[in-house]
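Here's the structure we're looking at; comments come further down.
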Amino acid sequence: MVIQLLGSCMLQAKKITCKRDHRVLFEELSFSLDRGSALQVCGINGAGKSTLLRILAGLYEEFDGEVEWDLEDYPLFSGHRAGVKDLMTARENLLWAANLYGQNVSRDEIDEALSQVSLNGFETVACGAMSEGQRRRVGLARLYLLDNPVWILDEPFTAIDTDGVLRITQRINEHLAGDGVVVFASHLEVSIENMQKLELAR
Amino acid sequence: MNILLATIRRDLLLHFRQPADILNPLVFFLIVISLFPLGIGPSEAVLSSIAAGVIWVAVLLATLLSIDVMLKGDFDDGTLEQIALGKQSLLVVVFGKVISQWLVSGFLMALMSPLFAMMFYVNTEGMIAIAVGLLLGTPTMTLIGSIGAALTLGLKKGGVLIAILVLPLYIPVLILGTAMVESAVFGHSYTGHALWLAALLVLSIGFAPLATQMSIRISLSQ
Amino acid sequence: MIFESFGAFMHMGGHGQFVWCAYGIATLVIAYNVIQPILMRRKVIALNKQRIAREGKL
Amino acid sequence: MWGWFHRLGSPKSFYEISGFLLPAMFALAGVLLVTGTVWALGFVPQDYQQGHSVRIMYIHVPAAILAQSGYMMMAAAGAVFLIWRIKLADIALQCAAPIGATLTFLALVTGAIWGKPTWGTLWVWDARLTSTLILFFLYVGVIALRSAMDGRESAGRATAMLAVVGLINLPIIKYSVDWWFTLHQPSSFSLTEKPSMPIEMWLPLLVMVLGFYLFFFSVWAVRIRTEILNREYGTQWVQSL
């Protein structure tokens, strides 16, 4: 994962080939991403969007080809599942997420992140008692709390209302402005500048 | 270092908020042990001779029952992915999870074991030997069990599979533990056995978390 | 040949049954290990023919 | 030197090389096994203690040796796959497991049959038999994990990890079982000690062991070739066959 690249190129994907039970998902896929740019991965269900994102995140390792990040650690990944514990409250979940990043965050930073995803008042509610949409927003609150130059978001807008989508898009633009990189899979049309589209055929 | 403590605190918190996952194996341990006198008959000579074997096998099975809880919950709700992709090393978090899992399973059984030894008419030296043996043996079981749990993450019928994968690896601990109690009951010294158990423990502390961490990454890769 | 007659060879001083039983099982195991892969091979080749027919030649 | 290692690593070249060597290996294995069997059955003098039942040793010992070294070879293939991600090592591991398991089963059965005339009971908790039984469980574990993870791409790495973990534990299990055996039955004759055999007894044993090894490699190679065809059917060279 740790390979220093020259210039502003953050991600270099070379000839990624991936087969899943004898079915070729994608073959010889190569692309690169500069800092401050975004990549929207679209394609019908089962085209391998999630697999590609998991490959870029470093989770899925059963592929040929190379993925080189100009990055110390792993990207920030938000997958299909929200990634929050039902037994823990929103605040505890975010505290744990911060622990994983070695960032000691104060309580009001967490509350601030929660209010950004319009969950103020839900700080001490156990995630199990929340709706799926709220749980996903607790997961997405990580975007406001943790600092990681690269975000990989798999269908970030599912179960999110239109107002939430606008907020997240605006947050993504902020992140890109700060020389961050965002790779996300979604079929929604979102207004994000400096964005390339990658259509997965099949 | 604080990620280790944070992991232990988090896991213990989760265990106490959902005690069923922890209490069930302990109740299982209790029931299995009390089945044997019913099955074999209450004669003192027979019971005291099989006490060590029964208690150790019961602990073994109870540990196996409770081991996949350690990772399955986090795997199902996606938090294991976040841990694997966090900046903190997965090895330390795995180690913390194993410690917290041991505290709520093996450690408790080791503390309760003198009670059950009494049910089997074991003399006091035997009781102490069982408790010490279990204190040294159960962490090794949890460590080795965590490898099996990590390998079978995400499999539908993972529970039984863990037993098949991991039980053969428990045999050295079982042999040493039961032999230790046997020599204690006859009044011989059992420090040799205890040292061997400790050596196995140190070996699995060294290797098992490494294997578990790699196995988690393998299981997440799907 | 240390046995006088074929009968003695079969009987082997009372242990014949065990020795022949062991060698019988050994031959079975060896036969299984030789035949099973060959059958598998035929099955895979047939399967491949189907797959190639279905997916078209490279 | 590494060129050779990687060349062999590619399924295509392994397929060609093994195709060339296989007939010779099978023939040699057959010859060795037949001569060994005839020699063991017909020409080896009977043992003063066990009489003719000692002939079972000529099946039991090679099978037990193959069972153990089979597991080591399988685990080595696993380690190679985990470290260098050579696909052939994964195929080798997957194909070695069933052969090893059947040979361990053979070692167990022949050991039990050998026990019958010597001790009157089929199963005796002898150190070697017990560790062979545990080895059998390890094989079953590898096969069970493999079949449980069948649909998944990461099945190979998971089984390789299990095989390597099993390999690390193998000596520990062996010594603890041996120690346990001496603890409970210190005096009686055991299968494990190899009594110093006169030459006319261990020579056929050597022939049988070599025969078994060659048999193992040739059957292993056949399975690997089949699995290569199964996995690489999409490639050009496979379709041309």
Side-chain angles (χ1 to χ4, degrees), chain A residues 1 18 20-21 50-51 53-63 69 71-89 92-104 126-130 132 135-136 138-139 142 145-152 154, chain B residues 1-23 69-97 100-101 104 150-151 153-155 213-222:
Chain A
M1 268 317 180
C18 179
R20 287 195 87 138
D21 45 58
S50 300
T51 311
L53 259 56
R54 289 176 76 89
I55 288 177
L56 296 180
L59 280 174
Y60 191 77
E61 292 157 348
E62 311 295 329
F63 67 94
W69 285 104
L71 191 62
E72 251 63 30
D73 306 293
Y74 289 98
L76 187 145
F77 178 75
S78 148
H80 285 309
R81 296 171 294 225
V84 290
K85 291 299 281 186
D86 291 352
L87 288 168
M88 285 157 69
T89 68
E92 283 164 349
N93 268 307
L94 288 177
L95 188 66
W96 170 247
N99 271 335
L100 282 182
Y101 268 62
Q103 285 171 238
N104 26 43
C127 288
M130 292 182 185
E132 179 55 21
R135 254 200 300 277
R136 286 198 66 82
V138 171
R142 279 197 292 269
L145 193 65
L146 307 175
D147 45 40
N148 190 327
V150 176
W151 293 353
I152 297 186
D154 197 347
Chain B
M1 193 34 142
N2 63 1
I3 184 66
L4 188 67
L5 302 181
T7 318
I8 296 175
R9 201 168 48 80
R10 169 192 179 251
D11 267 36
L12 289 180
L13 186 84
L14 286 172
H15 286 319
F16 289 131
R17 286 199 180 155
Q18 190 167 27
D21 297 341
I22 297 312
L23 289 186
V69 156
M70 181 172 96
L71 294 171
K72 195 132 192 53
D74 287 350
F75 180 81
D76 291 341
D77 53 31
T79 37
L80 196 57
E81 277 168 3
Q82 298 302 332
I83 295 173
L85 295 179
K87 290 196 164 79
Q88 305 285 2
S89 101
L90 179 57
L91 191 67
V92 177
V93 174
V94 160
F95 198 58
K97 289 182 93 59
S100 66
Q101 174 68 19
V104 288
L151 282 175
L153 274 177
L155 294 183
Q213 176 225 341
M214 284 175 74
S215 307
I216 287 176
R217 290 214 187 276
I218 292 173
S219 294
L220 281 174
S221 171
Q222 54 170 211

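Per chain, numbering begins at 1; letters A, B, ... match sequence-line order.
- A/Q103 does not touch chain B: none of its heavy atoms, backbone or side chain, sits under 4.5 Å away.
- Atom OG of residue B/S221 and atom CD of residue A/E61 lie 5.0 Å apart, to the nearest 0.5 angstrom.
- The shortest non-hydrogen separation linking A/L100 to B/I83 is CD1-CA, 3.6 Å.
- Between the side chain of B/Q82 and the backbone N or O of A/L76, no donor-acceptor pair lies under 3.5 Å.
- A heavy-atom distance below 4.5 Å is not found between the side chains of B/F16 and A/L87.
- Within the structure, side-chain hydrogen bond (donor to acceptor under 3.5 Å, both in side chains) pairs that include any residue of residues 3-16 of chain B comprise B/R10-B/D74, B/D11-B/K97, B/D11-B/S100 (at least two apart or interchain).
- Here the side chain of B/T79 pairs no donor or acceptor atom with the backbone of A/K85 at under 3.5 angstrom.
- In this structure, the salt bridge (charged side-chain N to carboxylate O under 4.0 Å, His left out) partners of A/R54, at least two apart in sequence or on a different chain, are B/E81.
- When all heavy atoms of A/D73 and B/K87 are compared, the closest pair comes out as OD2-CE, 3.1 Å.
- Heavy-atom distances place the side chain of B/L13, and not its backbone, under 4.5 Å from chain A.
- Residue with the most contacts toward chain B among A/W96, A/Y101, A/Y60: A/W96 (heavy-atom pairs, distance under 4.5 Å).
- Here the closest non-hydrogen pair linking B/L85 and A/F77 is CD1-CB, 3.3 Å.
- For A/R20, the part sitting under 4.5 Å from any heavy atom of chain B is the side chain, from C-beta outward, and nothing else.
- Side chain of B/Q88 to backbone of A/N99: a donor-acceptor contact under 3.5 angstrom is found.
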